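Owing to the predicted nature of the structure, the values given are computational and were not obtained by experimental measurement.
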Amino acid sequence: MSFCSANGYIQCRSLTRHLALSAISWSMGAGLTLWSLGLYINTEADRILRNLRKPGETGYKIPQGGMFKFVSGANFFGEIVEWTGYALTMGGALPGVTFALCTAFNIGPRAIAHHRWY
């Protein structure tokens with residue numbers, strides 16, 4: 001919880017006090033596009049995961065469809081893409097890049113572990 005609070009403060013502070021972002025820069029357009037793609041991948045993967053089992057079913061099922069056709073951790077992949085897009089939208093500013101890297105280094109090993117388990 002303290003990480004989330006500190007990260008939220010740093011991201012907001014950098015966006016409201018220290019960054020002068022242009023709404024028409026290439027990094028803004030590319031970053032928003034990448035963030036939107038990541039958000040779509042992440043929410044679609046979460047929907048697939050939520051609907052794997054019918055009520056009352058037990059056992060484990062391997063997710064199918066969406067980005068799960070290409071990667072075994074589509075939800076993790078989507079989140080990494082989201083935060084990479086956010087960092088690009090911020091023009092490569094240190095707080096955004098740091099958070100994108102921390103996300104990748106935190107979620108990446110979990111995605112690898114899930115893949116090995118499959």
Side-chain angles (χ1 to χ4, degrees):
M1 186 163 131
S2 61
F3 171 78
C4 290
S5 297
N7 179 56
Y9 173 78
I10 291 168
Q11 298 301 327
C12 289
R13 183 80 175 179
S14 65
L15 285 170
T16 59
R17 302 280 184 184
H18 302 293
L19 294 177
L21 301 174
S22 171
I24 56 171
S25 69
W26 73 268
S27 65
M28 179 69 73
L32 284 174
T33 301
L34 194 60
W35 178 84
S36 298
L37 176 64
L39 179 65
Y40 174 77
I41 291 168
N42 195 10
T43 55
E44 178 68 7
D46 286 347
R47 185 192 63 75
I48 290 169
L49 289 170
R50 276 192 313 274
N51 295 312
L52 276 177
R53 292 184 290 210
K54 293 180 175 82
E57 271 188 328
T58 59
Y60 191 82
K61 293 185 177 182
I62 295 177
Q64 304 289 322
M67 279 301 290
F68 286 107
K69 295 177 197 171
F70 306 104
V71 294
S72 54
N75 52 329
F76 300 130
F77 175 74
E79 189 150 343
I80 291 168
V81 171
E82 271 183 82
W83 292 113
T84 301
Y86 174 75
L88 191 56
T89 300
M90 289 183 70
L94 185 60
V97 171
T98 301
F99 189 63
L101 289 173
C102 286
T103 299
F105 290 141
N106 183 25
I107 293 175
R110 283 193 277 165
I112 291 168
H114 277 217
H115 181 76
R116 287 184 183 146
W117 188 83
Y118 290 154

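We find the CZ-CG distance between Arg50 and Asn75 to be 11.0 Å, quoted to the nearest 0.5 Å. Atoms CG and CZ, on Leu49 and Phe68 in that order, are 4.0 Å from each other to the nearest 0.5 Å. Distance CG/Asn106 to CH2/Trp83: 13.0 Å, rounded to 0.5 Å. For the atom pair CE of Met28 and OG1 of Thr33, the computed distance is 11.5 Å after rounding to the nearest 0.5 Å. Distance check, rounded to the nearest 0.5 Å: OG1 of Thr84 to CZ of Phe99 gives 11.0 Å.
In this view, Trp35 satisfies the ring pair (Phe, Tyr, Trp, His ring centres under 6.0 Å) rule with no residue, not counting sequence neighbours. Glu57 meets the side chain to side chain donor-acceptor pair (under 3.5 Å) test with Lys61; sequence neighbours excluded.
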For residues 39-48, dump all side-chain donor-acceptor pairs below 3.5 Å to protein atoms at least two apart in sequence or in another chain.
from	atom 1	to	atom 2	distance (Å)
Asn42	ND2	Glu82	OE2	2.9
Thr43	OG1	Leu39	O	2.9
Thr43	OG1	Tyr40	O	3.2
Glu44	OE1	Arg47	NE	3.3
Glu44	OE2	Arg47	NH2	2.7

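Both Leu34 and Phe77 are assigned to one and the same hydrophobic cluster, defined by single-linkage of ILVMFWY side chains at heavy-atom distances under 4.5 Å. Hydrophobic clustering of Ile, Leu, Val, Met, Phe, Trp and Tyr side chains at less than 4.5 Å, counting indirect connections, unites Leu37 with Val71. Note on Met67: it clusters hydrophobically with Val81, by side-chain heavy-atom contacts below 4.5 Å among ILVMFWY residues.
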Step by step, would you call Leu88 with Trp26 a side chain to side chain contact (heavy atoms under 4.5 Å, CB included)?
CA-CA 9 Å; Leu88 191 56; Trp26 73 268; 4.0 Å; yes
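For Phe105, the CZ atom sits in a loose shell: 12 or fewer heavy atoms of surrounding residues, nucleotides or ligands are nearer than 6.0 Å.
Of all the heavy atoms in Met90 and Pro95, the pair that sits closest is CE-CB, 4.4 Å. Here the closest non-hydrogen pair linking Ser27 and Gly91 is OG-CA, 3.8 Å. In terms of heavy-atom proximity, Ala87 sits nearest to Ala100 at CB-CB, 4.1 Å.
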